[in-house]
Amino acid sequence: MVIATDDLEVTCPHCEGTGSEEEGTPCPKCSAKGVILTAQGNTLLHFIRKHLN
Ligand SMILES: [Zn+2]
């Protein structure tokens, strides 16, 4: 099974990938990352965190 990065995260529609809302304000939707996790990304992150502990 191959998971592409695009399957895990998508460009934030709120800031359109810039990571900032306006005038340098960090985007609240993506925590200034410029990308947001997809459902698949969230599942994988949850899985990893669960097993790291
Ligand atoms: Zn954003």
Side-chain angles (χ1 to χ4, degrees):
M1 185 169 112
V2 177
I3 302 175
T5 307
D6 286 352
D7 292 333
L8 303 178
E9 62 185 18
V10 292
T11 302
C12 177
H14 189 72
C15 64
E16 298 180 333
T18 63
S20 54
E21 201 166 26
E22 52 183 66
E23 298 297 321
T25 307
C27 176
K29 304 287 184 186
C30 63
S31 302
K33 291 190 187 74
V35 291
I36 54 174
L37 283 173
T38 63
Q40 194 175 0
N42 264 316
T43 301
L44 185 64
L45 185 64
H46 181 79
F47 177 86
I48 291 171
R49 282 187 173 157
K50 180 178 163 187
H51 288 279
L52 277 178
N53 289 330

Within-4.5 Å side-chain heavy-atom neighbours: L45 and R49
yes

Taking the side chain as every heavy atom from C-beta outward, state whether P13 and K29 have any pair of such atoms under 4.5 Å apart.
no

NE2 of H46 to NE2 of H51, rounded to nearest 0.5 Å, is 8.5 Å

In Å, rounded to the nearest 0.5 Å, how long is the span from CD of E21 to SG of C30?
9.5 Å

Is a side-chain N or O of T38 found less than 3.5 angstrom from the main chain of L8, in a donor-acceptor match?
yes

Can you tell me how far apart CD1 (I48) and CG (N53) are? Round to the nearest 0.5 Å.
12.0 Å

Testing C12, S31, C15 one by one against I36 for a side-chain contact (heavy atoms from CB on, under 4.5 Å), which residue passes?
C12

